[in-house]
Each structure stands twice: as structure tokens, then as C-alpha cells.
Amino acid sequence: MDPQPQHPPDIESLVIRAVRLGDAEEIAAIACLPGYRWGTLSLPHRTSEDIRKRLESQGPGDVSLVASLDGRIVANGGLTRFPGRRAHVGLLGMGVHDDYQGRGIGSRLLREILSVADDWLGLKRIELTVYTDNAPAIALYKRHGFEIEGTHRGFAFRQGAFVDAHAMARLNG
Ligand SMILES: CC(C)(COP(=O)(O)OP(=O)(O)OC[C@H]1O[C@@H](n2cnc3c(N)ncnc32)[C@H](O)[C@@H]1OP(=O)(O)O)[C@@H](O)C(=O)NCCC(=O)NCCS
């Protein structure tokens, strides 16, 4: 029997590339989706101008990628670099369009971000925060070598209630 494909065939054509200012409108639409917002710090009613400003304010060492399927953006993510004595650290953030979650897209995007961090930036430590009830995200990060280091209590306000978040990190080497 043929081995199982690593990803379902419909994401074989996934393209991962650097974000462009012209992507702001599509990214804003994804950031407004309820599932994406639930897992991130995104506020309702994000506009393409908000996203454009954020993209314009990125530092030179930051990594910002999108994943697209048939020309449609289905995920975004990247790394923010720290200055000075934390220059070895990258802060990771990512999210997948609500209609495309659970198909391996997050895994593909995360692999690409980590390969840039490991093979091209030489980062020692990648860190992130994830809500303690975000089981798919925690599973994804653990599978890619992240460990829970601690828990922030009342980390963010979400849909009328405070929610805790784990600090997770992956150390390279
Ligand atoms: C979290 C997120 C990035 C994952 O991306 P994705 O494309 O849906 O994830 P993938 O399909 O690549 O893989 C998800 C993994 O979680 C697992 N999973 C799915 N639902 C799960 C659940 N309820 N409990 C435990 N594991 C679960 C899947 O089985 C898969 O693991 P496997 O490959 O070992 O089977 C995506 O769901 C998302 O963007 N959510 C909203 C925004 C968000 O939460 N961003 C992260 C902020 S820290």
C-alpha cells in the first residue's frame, strides 16, 4: 500500500511567502474571524489600515510570512526579534483562517518559520504565549519541540472573561 501523504492533497499547492503591504486587506479579514480572534490577541473590527501600519513598523530582522492556497491567503505568522542581550530570541505568532484549520497548514507554516529561525537567523530561543484552553495550538507547538515554561494568570481579556496563557519556548541546541 502507498504510504499516507504527509498532508491532505488539497494543501499540496500551499505557497508560503513573505508578506506584502498589499496583503493587509486579506489579513485583516482573517484576523476578524471568530476562531482566529479566540486564539489570538486580535480585537474585533480590525482594518486593513491597522494591519498595514503593523507591517510598516516591522523591524529589519523580523520575519513575517503568509501561506496562500490558489492565490488566497489562508494563514499568517512570523517572528519578532528582540534587541541587545535578547537578540538570540524570537517571539512567535501565527494563525490560520477559520475555514482552513485542522488541515496541516499551521504545521507547514510553523516548520517554515522555525527553519528560518534555525538555519538562517541562528536563533537560540523561540518563545510564545498560548491560551491554556487552546488545545490544538498547544498540541501543534509541543509536536514542534516547544515546552510549557509557566502560566500567566489573567493574561488577556477574551469575550467577556479573563483567560490564562501558557508561556512556551523551544531552545535550539
Ligand atoms: C492553532 C492553529 C495555528 C493550528 O493550525 P492548524 O492548521 O489548525 O493546525 P494543524 O492542522 O497543522 O495541526 C493541529 C494539530 O492539533 C491537533 N488538534 C486539533 N484539534 C485538537 C484538539 N481539540 N485537542 C488536541 N489536539 C488537537 C491536530 O490533530 C494536529 O496535530 P497532529 O498533526 O499531531 O494530528 C490554528 O488552529 C489557528 O490559527 N487557530 C486560531 C488562532 C490561534 O489560536 N493561533 C495560535 C495563537 S498561540
Side-chain angles (χ1 to χ4, degrees), residues 7-8 11 14 16 19 21 23-59 62-69 72-83 86 89-114 117 123 125-171:
H7 303 291
I11 69 151
L14 193 76
I16 297 179
V19 71
L21 285 183
D23 297 328
E25 188 141 2
E26 271 187 282
I27 294 174
I30 295 175
C32 286
L33 295 171
Y36 187 108
R37 195 191 318 140
W38 181 89
T40 63
L41 284 167
S42 194
L43 280 166
H45 311 299
R46 299 288 296 280
T47 64
S48 51
E49 285 72 30
D50 296 336
I51 303 291
R52 183 179 279 269
K53 277 188 201 141
R54 192 171 53 75
L55 294 178
E56 283 171 344
S57 69
Q58 284 189 327
D62 291 348
V63 177
S64 194
L65 305 177
V66 292
S68 81
L69 262 184
R72 180 180 193 200
I73 294 176
V74 292
N76 70 325
L79 292 170
T80 307
R81 300 285 301 278
F82 291 94
R86 299 209 78 220
V89 184
L91 175 67
L92 180 107
M94 63 183 290
V96 177
H97 187 299
D98 286 15
D99 296 344
Y100 292 84
Q101 291 171 10
R103 299 189 195 185
I105 293 173
S107 200
R108 286 270 297 275
L109 181 59
L110 181 56
R111 266 212 304 276
E112 181 60 26
I113 296 169
L114 294 177
L123 294 185
R125 175 183 163 89
I126 309 295
E127 62 188 30
L128 60 87
T129 47
V130 56
Y131 298 131
T132 52
D133 56 3
N134 192 347
I138 293 168
L140 176 70
Y141 297 136
K142 282 188 172 167
R143 195 154 35 80
H144 288 268
F146 286 81
E147 291 176 21
I148 294 173
E149 295 185 323
T151 305
H152 301 280
R153 291 171 299 164
F155 180 76
F157 198 57
R158 186 187 65 189
Q159 221 169 348
F162 290 100
V163 59
D164 297 348
H166 291 312
M168 296 187 80
R170 166 188 180 271
L171 267 76

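Only heavy atoms go into these numbers, but all of them, side chains included; no hydrogens, no water, no symmetry mates.
Every residue was checked against the ring-ring contact (aromatic ring centres under 6.0 Å, His included) condition with His166, not counting sequence neighbours, and none meets it. For Tyr131, the ring-ring contact (aromatic ring centres under 6.0 Å, His included) test picks out no residue, with sequence neighbours left out.
Between the Asp62 side chain and the Thr80 main chain, no donor and acceptor come within less than 3.5 Å of each other. Judged by distance alone, the side chain of Asp164 and the main-chain N or O of Thr132 form no donor-acceptor pair under 3.5 Å. Within the 3.5 Å criterion, the main-chain N or O of Ala165 finds no donor-acceptor partner in the side chain of Thr129. Checked by atom type and distance alone, the side chain of Gln101 pairs as donor or acceptor with a backbone atom of Val96 at under 3.5 Å.
Leu140 and Ser107 get closest at one heavy-atom pair: CD1-CA, 3.6 Å. Pairing each heavy atom of Ile11 with each of Arg108, the nearest pair is O-NH1, 3.3 Å. Closest approach of Ser42 and Ala31 over heavy atoms only: OG-O, 3.2 Å.
Within 6.0 Å of CZ in Arg143 there are more than 12 heavy atoms belonging to other residues, nucleotides or ligands. Shown here is Glu149, whose CD atom has more than 12 heavy atoms of other residues, nucleotides or ligands within 6.0 Å.
When side chains are defined from C-beta on, Tyr141 counts as touching Leu110, because their heavy atoms get closer than 4.5 Å. Residues Ile126 and Phe146 are in side-chain contact: their nearest non-hydrogen atoms beyond the backbone lie under 4.5 Å apart. Using a 4.5 Å heavy-atom cutoff, the side chains of Arg158 and Arg37 are not in contact.
In summary, of the residues considered (Leu14, Asp98, Ile30, Leu109), a side chain to side chain contact (heavy atoms under 4.5 Å, CB included) with Val74 occurs for Leu14 alone.
Counting only N and O atoms by type, the side chains of Arg46 and Tyr36 include no donor and acceptor under 3.5 Å apart.
Atom CZ of Arg72 is separated from atom NE2 of His97 by 4.0 Å, given to the nearest 0.5 angstrom. Glu25 contributes atom CD, which lies 9.5 Å from atom OG1 of Thr47 (distance to the nearest 0.5 angstrom). For the atom pair CD1 (Ile27) and CG (Leu55), the distance works out to 5.5 Å, reported to the nearest 0.5 Å. Considering CG of Asn134 and CH2 of Trp38, their distance stands at 4.5 Å, rounded to 0.5 Å. For the atom pair Leu171 CG and Leu123 CG, the distance stands at 11.0 Å (nearest 0.5 Å). One finds the CG atom of Leu128 at 11.0 Å from the CZ atom of Arg170 (value rounded to the nearest 0.5 Å).
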(Q) Run the side-chain contact (heavy atoms from CB on, under 4.5 Å) test on Met94 and Leu65 for me, step by step, so that the C-alpha distance in whole Å, both residues' side-chain angles and the decisive distance to 0.1 Å come before the verdict. (A) CA-CA 9 Å; Met94 63 183 290; Leu65 305 177; over 6 Å; no

